[in-house]
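Down below is the structure, laid out as structure tokens.
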Amino acid sequence: MKRNADVVIIGAGISGCAIAYNLAARGVKNIVVLEKRYICAGSTGACGAGVRMQWGTEMNCLLAKESIEFYEHANEILEYDGDVEFKQKGYLLISNSEKELAQFEKNVAVQNRCGIPSRMVSLAEAKEIVPHLNTSVLKGAAFCEKDGFLNPFLTTDAFYRAAKRLGVEFYTQTEVTGLRIEGGRMKAVVTSQGEVETPVVVNAAGGYSKTIAEMAGMELPVYSERHQILVTEPVEPMQGPMVMSFGLNLYVQQSPHGSFIMGRGDQGEPRDLRVTSGWHFLEEMAKTISVVLPPVAKLRVIRQWAGLYNMSPDRQPIYDRSEAIQGLYTACGFSGHGFMFGPITGRVMADMILNEHTGLDVSCLSLKRIETGALMFEPSVV
Ligand SMILES: Cc1cc2nc3c(=O)[nH]c(=O)nc-3n(C[C@H](O)[C@H](O)[C@H](O)COP(=O)(O)OP(=O)(O)OC[C@H]3O[C@@H](n4cnc5c(N)ncnc54)[C@H](O)[C@@H]3O)c2cc1C
């Protein structure tokens, strides 16, 4: 194992792999990525991998737009010899309340100003888009045909392989257990395989980012929360877009091989690192699906699993360069949208580390917003 690196990235999920790729593509040599399990072992490998531009804040619209434009060409840009399986079949956002529908209208106006081709659709049109949708329980819907979903394992693999080709060294089964800081500067990362000296550390440890920050004596204002998801037996293609509802609390897609993948949030989840599966989720999910997409409720569940949402106070990402510890960078707090922000996370963290500005200014997403109370609440989250 290398004992010296110019940059050490902790975590090989979509964020860590995208940051490594972006830095290497911009000429940084001697990058090491440390992963305690295997590539894509964390939330990225547990996620629904939906990508949408239908957000309520301009910042999220722009972050998602840049990421989706990247994903449209990910196979070519990353010179991937596989396929990240980007199915750009849209997101149908459904609503069961007038209040939420009014919010959708405001959101669509923000999205359109950002150049996103979303629109409000009537219930009749929603039914044309997803014929098995029970529109009798709905008030209206919004649709963006450019949204969609990818395969999270293959997408992370594409970033990982591109980074490796550019010289990045990945060490799996290598747990970071400490950080050595001297005179307010980053000096080394302590791991289960020994120390790596480095002046730059990027905390991209997802649900464990708070633990990593604690190793530097830093209090990160995030917590982790379990989110559950399930997959059904495969059937013939019957649903193109992702169907999502904030009010009814669900997201459902049909994957390319025919299985339905669906999930929902649970307000009652404790704030810890559990990723066990529970009956309550299965029951609530089944109840909601029977009402909203009745034929899907007849399918057998093959498997359920869980992963961590890493939550910041406003459920927005934290992209930060520490003022107290020179050389410590943080990319975490992605809530339920860190996969779709993967490409932009890679780009903006590389900008920050290299002190360059190549696009969208995300300085409003630093930790300072939380310290000063300048939070950026997003209305459209599951
Ligand atoms: C059920 C569910 C559904 C979701 N659906 C979506 C969706 O549809 N769209 C979307 O955009 N997002 C979704 N998300 C959110 C998304 O999965 C995350 O925001 C995103 O994957 C975060 O990526 P990451 O690379 O930052 O973290 P992770 O993928 O968690 O990667 C962090 C890595 O750090 C490693 N690590 C931790 N501690 C250490 C240590 N001490 N030493 C070394 N390595 C360490 C972990 O093993 C892990 O591999 C969902 C999440 C869940 C749980």
Side-chain angles (χ1 to χ4, degrees), residues 8-20 32-52 55 60 63-64 67-68 71 91 147-150 152-153 155-156 159-160 170-179 189-193 201-215 222 224-231 242 244 251-253 261-266 269 273 275 277 281 304-312 315 317-319 330-346 349 381-382:
V8 169
I9 298 164
I10 305 171
I14 192 74
S15 305
C17 292
I19 296 165
V32 160
V33 180
L34 301 173
E35 166 55 54
K36 70 174 173 181
R37 294 174 67 208
Y38 51 88
I39 310 297
C40 206
S43 302
T44 306
C47 84
V51 297
R52 64 177 158 113
W55 290 96
N60 272 357
L63 292 170
S67 287
I68 286 184
Y71 279 142
Y91 254 62
D147 294 344
F149 45 86
L150 299 99
F153 295 100
T155 307
T156 309
F159 275 113
Y160 159 72
F170 287 79
Y171 297 99
T172 54
Q173 302 299 328
T174 303
E175 181 168 4
V176 173
T177 55
L179 297 173
V189 177
V190 186
T191 83
S192 50
Q193 313 294 332
V201 169
V202 186
N203 178 357
Y208 296 83
S209 52
K210 195 179 179 74
T211 313
I212 299 293
E214 280 164 3
M215 294 175 192
V222 293
S224 291
E225 182 183 274
R226 176 176 70 166
H227 274 251
Q228 300 190 62
I229 185 164
L230 65 79
V231 62
M242 175 84 89
M244 182 177 233
Y251 60 89
V252 191
Q253 71 186 60
I261 297 176
M262 61 190 81
R264 69 200 310 278
D266 183 344
E269 285 291 343
L273 297 168
V275 286
S277 295
F281 161 75
Q304 72 179 98
W305 66 94
L308 297 172
Y309 272 24
N310 188 240
M311 310 285 276
S312 67
R315 309 182 81 170
I318 294 173
Y319 296 129
T330 302
C332 71
F334 295 108
S335 173
H337 34 285
F339 176 77
M340 70 183 83
F341 287 176
I344 184 100
T345 296
M349 291 309 294
V381 282
V382 172

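Atoms within a ligand are numbered from 1 in the order they appear, just like the ligands themselves.
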Please work out which of [options] has its closest non-hydrogen atom nearest to [atom].
atom: atom 35 (C) of ligand 1; options: M244, M215, E35; answer: E35
atom: atom 21 (O) of ligand 1; options: V51, I14, T44; answer: T44
atom: atom 15 (C) of ligand 1; options: A64, S335, G42, S43; answer: S335
atom: atom 9 (N) of ligand 1; options: A331, G50, A46, S15; answer: G50

*Apply the test side-chain hydrogen bond (donor to acceptor under 3.5 Å, both in side chains) to residues Y319 and T345: give CA-CA distance (whole Å), side-chain angles for both, the deciding distance (0.1 Å), then the verdict.*
CA-CA 8 Å; Y319 296 129; T345 296; 2.8 Å; yes
Within ligand 1, which atoms have a heavy atom of [X] less than 4.0 Å away?
X: E175; answer: 41 (N), 42 (N)
X: G206; answer: 27 (O), 30 (O), 32 (C)
X: L34; answer: 43 (C), 44 (N)
X: F334; answer: 19 (O), 26 (O)
X: H337; answer: 10 (C), 11 (O), 12 (N)
X: Y309; answer: 2 (C), 50 (C), 51 (C), 52 (C), 53 (C)
X: G11; answer: 33 (C), 34 (O), 35 (C)
X: G48; answer: 3 (C), 4 (C), 5 (N), 6 (C), 8 (O)

If you round to the nearest 0.5 Å, how far is [atom2] of [Y] from [atom1] of [X]?
X: I10; Y: T191; atom1: CD1; atom2: OG1; value: 10.0 Å
X: I68; Y: I344; atom1: CD1; atom2: CD1; value: 11.5 Å
X: I261; Y: Q253; atom1: CD1; atom2: CD; value: 4.5 Å
X: M242; Y: R52; atom1: CE; atom2: CZ; value: 9.0 Å

*Side chain to side chain, Q228 and E269, heavy atoms closer than 4.5 Å*: yes
*Can a cation-pi geometry be assigned to K36 and Y208, taking NZ or CZ under 6.0 Å from the six-membered ring centre and within 45° of the ring axis?*
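Judged by the rule, K36 and Y208 form a cation-pi pair.
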*Report yes if the distance between the aromatic ring centroids of F334 and F341 is under 6.0 Å, otherwise no.*
no
*Check: Y38 ring centre within less than 6.0 Å of Y160 ring centre*: no
*So is G263 close enough to ligand 1, meaning a heavy atom under 4.0 angstrom away?*
no
*Could you establish whether T174 and ligand 1 come within less than 4.0 Å of each other, counting only heavy atoms on the residue side?*
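Judged by the 4.0 Å heavy-atom criterion, T174 does count as contacting ligand 1.
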Give the contacting part of [X] toward ligand 1: side chain, backbone, both or neither, where contact means a heavy-atom distance below 4.0 Å.
X: A204; result: backbone
X: Y251; result: side chain
X: A49; result: backbone
X: V176; result: both
X: Y208; result: side chain
X: L308; result: backbone

Whether the side chain of [X] engages the backbone of [Y] through a donor-acceptor N/O pair (distance < 3.5 Å, no angle test) should be reported.
X: Q193; Y: Q173; result: yes
X: E225; Y: Y309; result: no
X: W305; Y: S277; result: no

*Return the minimal non-hydrogen interatomic distance between P152 and T44, and the atom names on each side.*
CB-O, 3.3 Å
*With no hydrogens and no angle check, do the side chains of S43 and N310 hold a donor and an acceptor under 3.5 Å apart?*
no
*Within the structure, does M242 bring an N/O atom to less than 3.5 angstrom of an N/O atom in ligand 1?*
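There is no such contact.
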*For G307 and ligand 1, does the shortest N/O to N/O distance drop below 3.5 Å?*
no
*Identify the protein heavy atom lying closest to atom 17 (O) of ligand 1, giving its residue, its atom name and the separation to 0.1 Å.*
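Ranked first by proximity to atom 17 (O) of ligand 1 is C47 CB, 3.1 Å.
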